[in-house]
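Below: the structure, in C-alpha cells.
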2 protein chains.
Amino acid sequence: MNSIAKILSHAEASCQTNGARLTDKRKRVLTGLLKSQKAQSAYDLIDYMRKEFDEALQPTTTYRILDFLASENLVHKLHLANKYVACSHISCGHAHEVPQFLICDECSNVKEIGIKKSLINTLTRNVEEAGYVLQSPQLELHCLCQDCASKAV
Amino acid sequence: MNSIAKILSHAEASCQTNGARLTDKRKRVLTGLLKSQKAQSAYDLIDYMRKEFDEALQPTTTYRILDFLASENLVHKLHLANKYVACSHISCGHAHEVPQFLICDECSNVKEIGIKKSLINTLTRNVEEAGYVLQSPQLELHCLCQDCASKAV
DNA sequence: CAATATATGATACGTTATATCATTTCTATT
DNA sequence: AATAGAAATGATATAACGTATCATATATTG
Ligand SMILES: [Zn+2]
Ligand SMILES: [Zn+2]
Ligand SMILES: [Zn+2]
Ligand SMILES: [Zn+2]
C-alpha cells in the first residue's frame, strides 16, 4: 500500500469515528492536495484538479469540501496566505495538536510543526494579562524555507 | 490639544524624520482609522470615510495610502483578518517594536501589545529547528475581547 | 522656470469567497 | 422495497478583496 492510500485509509477511519462521511469527491480533493505537496488556494486547487484528474470543481463545492476537510483536521486553512494544505499528521494516530505553520514567502512551501506547551502557556498568559481570551493558538509565521534562504544569500 | 491632534502631530514629526510626506489625504485616512477605534478592511474604511467625512476614496488610492501608513508604522496590516488598524503607540516616542495583535473574533476589536523578547527567542529557535528562517515574528491571535467574552458566558 | 520625483485620479480587471435555490444521493424507518 | 428526512452536490449569480495600467496633478530640486 503506497503512502497516499495509507493516509486515505487513516482519513477514512478518522471520519468514521467522528460520524462524518469521507465521500468519493472529498477523497479525491484530499488526494489532490496530498499529491500536490503544497499549500494551494481554492482556485489553485480547482485548476490542479482539472489538469491532473480531469475533475471539474466549482468554487462553491471546493470551499465546502475544504471546510469539511478542515473541520475533520485533514486539511488546514492558512489564513495568512489564503491557502489550504493537507495535514502532515493524518496517519500518526495521536490526537491532533494545535499546529504551527511556517510559510515560505518565496515559494509557498509550508511546514507544519507542533506548538510546544511552554509556548502556548506563554501566549495564553500574555493574552490574559491584556484582558483577552485566546480562542485558538494556531500560529502562522512568515518564513523562508531552507532552499529559498540559501538562494537568497 | 485633543488626543487625535496630538497623535497626528507625532505622526507628522515621525514622517519628517524619515523623509516621508504625510499629505493631507494620508492624514485624513489616518484620522479616520484613529477615530473609528477599530480594525477595518480597506472597503470598510472607504465606506466609513464617505459616511463620516464625505470623502470619496477609490480602492487603489486607499490601498496605496494604507500601504504608505503601514510602511511608516502608523498603521498595521492584520493579515489574518485582512484589516488595517491604527498603531496604538504613535505618540510613545520609543522605537516601534514587533507587535502582537489580539483580534476579537466577535467584534473586531484589536489590542496591540508588544512581544516579549523571550517569546521571540523561543519562536526563532522553533523555526530554526525546522530548518526555516523567520522573516517577521508579528503575531496575530484569534481571541475574544473582555466584553465579548463576558457576554458569551 | 525646467526637470524630476512623488502622489493621486480613473478605469478596468483579476482573484477570493459567499448567497441562494435546485437536484441528487444517502440513511433510517416503516 | 417504499417513503421520508438529512446530507451532499450542482448551478448561477453576486459580493468582497486586491492589483495593473496609464493619465494627471502636485511637490522638490537645481
Ligand atoms: Zn495537522
Ligand atoms: Zn521557499
Ligand atoms: Zn504599533
Ligand atoms: Zn469583542
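Atom set for the values below is all heavy atoms of this structure, side chains included, hydrogens, waters and symmetry mates excluded. First the proteins, then the strands, lettered A, B, ... as listed; each starts at 1. Keep in mind the model is a prediction, meaning the values are calculated, not measured.
Using a 4.5 Å heavy-atom threshold, the side chains of A:Leu134 and A:Asn126 count as separate. A 4.5 Å side-chain heavy-atom check between B:Leu69 and B:Leu22 finds at least one atom pair inside the cut-off. At least one side-chain heavy atom of A:Phe101 sits less than 4.5 Å from a side-chain heavy atom of A:His76. Between B:Gln100 and A:Leu123 there is a side-chain heavy-atom pair separated by less than 4.5 Å.
Within 6.0 Å of the CD atom in A:Gln146, the count of heavy atoms belonging to other residues, nucleotides or ligands does not exceed 12.
For the segment residues 48-67 of chain B, residues with any heavy atom less than 4.0 angstrom from an atom of DNA chain C are, sorted by number, B:Gln58, B:Thr60, B:Thr61, B:Arg64. Shown for residues 18-42 of chain B: residues whose heavy atoms fall under 4.0 angstrom of DNA chain D, namely B:Arg21, B:Ser41.
No option in B:Val98, B:Ile113, B:Leu119 other than B:Leu119 meets the side chain to side chain contact (heavy atoms under 4.5 Å, CB included) test with B:Leu139.
A cation-pi arrangement is present between B:Arg26 and B:Phe68, with the terminal nitrogen or guanidinium carbon under 6.0 Å from the aromatic centre and inside a 45° cone about the axis.
A salt bridge links A:Lys116 with B:Glu129: at least one charged nitrogen is closer than 4.0 Å to a carboxylate oxygen. Salt bridge absent: B:Glu52 and B:Arg28 never bring a charged side-chain N and a carboxylate O closer than 4.0 Å.
Side-chain atoms of A:Lys38 and A:Ser108 include no donor-acceptor pair closer than 3.5 Å.
Between its opening and closing five pairs, the helix from C:dC1-D:dG30 to C:dT30-D:dA1 changes axis direction by 30°, a value rounded to 10 degrees.
Evaluation of the side-chain hydrogen bond (donor to acceptor under 3.5 Å, both in side chains) rule for B:Asp67 yields no partner, not counting sequence neighbours. Not counting sequence neighbours, B:Asn121 has no partner by the side-chain hydrogen bond (donor to acceptor under 3.5 Å, both in side chains) test.
The footprint of chain B on DNA chain D, defined by a heavy-atom cutoff below 4.0 Å, extends from D:dC17 to D:dT28.
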